[in-house]
Asks: 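Please find one structure pasted underneath; my questions will follow.
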Amino acid sequence: MPLLEIQNLSVDFATAHGKFRAVDGVNLTVDPGETVAIVGESGSGKSVSMLALMGLLPWTATITADRMALDGRDLLTMSKRQRRSLAGKDIAMIFQEPMTSLNPCFTVGFQIDEILKTHMSLTRKERDRRAIELMSLVGIPSPESRLSAFPHQLSGGMSQRVMIAMMIACNPRLLIADEPTTALDVTIQAQILELLLTLQQETGMALVLITHDMGVVAETAQRVVVQYAGQQVEARPVLDLFDMPRHPYTQALLAALPERATSQHLPSIPGVVPGQFDRPAGCLFNPRCEYATDLCRSTPPVVRDGALCHMPLDDAGNPTQPKILAEAAS
Amino acid sequence: MFRYTLNKVALTIPTLIGVTIVAFAFIRLLPGDPILLLAGERGVTEERYTQLAAQFGFDQPLWQQYLIFMGNLLQGDLGNSFVTKQPVLTEFLARFPATLELSIFAMLLALIVGLPAGVIAAVRRGTFFDHTLMTVSLTGYSMPIFWWGLLLIILFSSILGWTPVSGRISVMYFFDMPTGLMTIDALFSGDKGAFRSALSHLILPSIALGTIPMAVIARQTRSAILEVLGEDYIRTARAKGISAWRIVGLHALRNALITVVTVIGLQVGVLFAGAILTETIFAWPGIGKWMIDSIYRRDYQVVQGGLILIAGIVMIVNLIVDFLYGLINPRIRHTRG
Ligand SMILES: Nc1ncnc2c1ncn2[C@@H]1O[C@H](COP(=O)(O)OP(=O)(O)O)[C@@H](O)[C@H]1O
Ligand SMILES: [Mg+2]
């Protein structure tokens, strides 16, 4: 049985200018101990979809889904209280901005102790010991003395380590890491990723890694979900996806990888992810797609060959015939 | 933290000097001659007038009077009242506990009502409670103390007869007053009736005086909590599965207090200004009433000395608040130096 099942998840925000669909029909399954990456540029709805799972969205958000279950337990019909007892215990999450994610008024020790106190029945002594153990587990030097440090006394990398220590404190089954290295120095980024993967192997927890960096995906995940403008455009095992991307957006993301660049110049995809006010008709990716046709500009695509595209790419990386034409020809 | 505190202390010195100039000039700018007022309807002969003027030093140029006044001040001498001949400091100390008691109760009332009201309004943002509280607090904030105090007296003393109209306690009670705070001393005297009487005298003036700070604290708490609730660390706290009440009451409030404490500090000055009016309405024998009476008598020494003492106390309270601010804000507490 999969650890996490999400089917057809959508999130609408009530804004001053009407409804805005930030996440549109996303599916995700994660098996125990597995690493799944969610990739996509900024504004693709990666964070919002996982915040919806955690129940952390503001009241302006309306969440709909056909199914959302952890370990077979239906999250949609659960009471708020039961839902809260899962957060921090069975599912935990770390965020993009470690420096602002810790409460500036409380010590590191207090903040780790708090999650232990909330979910585990340990004595004070046991909690203290566990906190120190966690701190050394995430590679913080002299953990005893660091417990009394305040967040502003820590660097970004250290703060993220504390966040990780805190969030794995209750041995979660699933850890969601939302761009955990984006705000950090390049040298630190690799260390934090390394740490997450080591911890995952040691504890056997499942990991959902949100990133906008295809390079990170290749090194970490078994399966990838590619998201664009709130939609899931392709979801496949890593090796297949890297070898034979089916969606032009995936192909473009891969082409932007430094080691795949053919010229000196790093190719990037022109344009940006459409927001609330510039959603195009037809396929949402069509204004930036090099293969776009009139069909793409007028009609939203359905999933074909594992990609949300009228003309999914073939093994050689060329667009295939749209379905309507293909049927007409046969 | 030490350097932070020292800095704040050093900053008060120019303010203090400014206060002495203002206090000295203010009462002298008011029309009216203290000697003539002192003499009253009997009048005074020219000879006697010159003699008295010389005795009080009024025959000298103003700048010289100021220097003498400053010289005495530096030696801790605020002079004597023209009217009672008592040292200003003695008179001040005799009346200050009454004002202190009134201010403390008013502030406590403002905090006990204002803080929770602000927190609840923030959590229930946009609801009926929120709108009602914001309207009521705006009304409270704009209510002139004089008028508000009279309304309270009319309703609770005249119509309902629940509370006495004026004073600090019924004349029937006598006991030692080591602290000068009527409620505390009554409590220690062991006489329950005295305590109840002191409390019932205190309640209306405290409401009248506490209303403005209460309104300000409620509004500021609400907006500070609303701001803090949008922070990343609140999202982290929710991701940890902590209860909503703990998140608001601990994680959010602790951060919101950093701004609210500053606001509370600023209210202390407002409180003293309000005490002057409140004491006049309720015949409360504190420094506010004393100052008003002395201004009417053009009792120069009392007015200038009293102003300086009040300003000094406000500054000390502000220093304490700054210090508290440093204590509750780890970013300041842990700076070296
Ligand atoms: N609270 C919110 N209210 C309205 N729109 C939001 C809110 N949070 C996110 N969005 C919008 O949802 C879209 C997806 O955001 P997000 O999930 O943060 O993207 P990503 O994490 O992929 O960079 C963006 O267009 C963003 O502006
Ligand atoms: Mg994001």
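On a predicted model such as this, the values are computed, not experimentally measured, just so you know. Letters go in sequence order (proteins before strands), and every chain restarts at 1.
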Asks: Please give me the minimum heavy-atom distance between T236(B) and M163(A), naming the atom from each residue.
Replies: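 Minimum heavy-atom contact is CG2-CE, 3.6 Å.
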Asks: Looking only at heavy atoms and a cut-off of under 4.5 Å, which of H119(A), M167(A), E114(A) has the most pairs with chain B?
Replies: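 The option with the most such pairs is E114(A).
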Asks: Please look at L51(A) and chain B and tell me whether the side chain, the backbone, both or neither of the residue comes under 4.5 angstrom of a heavy atom of that chain.
Replies: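 Side chain only.
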Asks: Identify which of L229(B), L250(B), I234(B) forms the greatest number of heavy-atom pairs closer than 4.5 Å to chain A.
Replies: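 Between L229(B), L250(B), I234(B), the count favours L250(B).
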Asks: Rounded at 0.5 Å granularity, tell me how far CZ in R81(A) sits from OG in S243(B).
Replies: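 If we round to the nearest 0.5 Å, R81(A):CZ and S243(B):OG are 8.5 Å apart.
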Asks: Among S101(A), P104(A), C105(A), whose side chain to side chain contact (heavy atoms under 4.5 Å, CB included) with Y233(B) holds?
Replies: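 Passing option: P104(A).
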Asks: Looking at E133(A), I want to see if its CD is surrounded by more than 12 non-hydrogen atoms of other residues, nucleotides or ligands under 6.0 Å.
Replies: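 Enclosed: over 12 neighbouring heavy atoms sit under 6.0 Å from CD of E133(A).
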Asks: For L56(A), is it the side chain, the backbone, both, or neither that has a heavy atom closer than 4.5 Å to a heavy atom of chain B?
Replies: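 Both the backbone and the side chain of L56(A) come within 4.5 Å of chain B.
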Asks: Looking only at atom types and distance, does a side-chain atom of K240(B) sit under 3.5 Å from a main-chain N or O of Q111(A), one as donor and one as acceptor?
Replies: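 Answer holds: yes.
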Asks: Does R124(B) CZ have over 12 foreign heavy atoms under 6.0 Å away?
Replies: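 Open: at most 12 neighbouring heavy atoms sit under 6.0 Å from CZ of R124(B).
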Asks: Tell me whether the count of non-hydrogen atoms from other residues, nucleotides or ligands lying under 6.0 Å of CZ in F188(B) goes above 12.
Replies: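 It does not: F188(B) CZ has 12 such atoms or fewer within range.
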Asks: Between F106(A) and H251(B), which heavy-atom pair has the shortest distance, and what is it?
Replies: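 In this case the closest contact between F106(A) and H251(B) is CE1-CA, 4.1 Å.
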Asks: Would the number of heavy atoms belonging to other residues, nucleotides or ligands and lying under 6.0 Å from CZ of F110(A) be above 12?
Replies: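 Enclosed: over 12 neighbouring heavy atoms sit under 6.0 Å from CZ of F110(A).
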Asks: Name the member of T107(A), L86(A), I115(A) that forms the most heavy-atom pairs with chain B at distances under 4.5 Å.
Replies: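 Looking at each of T107(A), L86(A), I115(A) in turn, I115(A) comes out on top.
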Asks: Using heavy-atom distances under 4.5 Å, tell me whether L57(A) contacts chain B through its side chain, its backbone, both, or neither.
Replies: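 Just its backbone gets close to chain B.
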Asks: Between R235(B), R254(B), E231(B), which shows the greatest number of heavy-atom pairs under 4.5 Å with chain A?
Replies: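 When all of R235(B), R254(B), E231(B) are compared, R235(B) has the most.
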Asks: Could you walk me through whether D232(B) and M99(A) pass the side-chain contact (heavy atoms from CB on, under 4.5 Å) check?
Replies: CA-CA 9 Å; D232(B) 284 353; M99(A) 301 285 267; over 6 Å; no
Asks: Let's go through N255(B) and N103(A) carefully: what are the C-alpha distance in whole Å and the side-chain angles of both, what is the deciding distance for side-chain contact (heavy atoms from CB on, under 4.5 Å) to 0.1 Å, and is it a yes or a no?
Replies: CA-CA 8 Å; N255(B) 283 276; N103(A) 194 321; 2.8 Å; yes
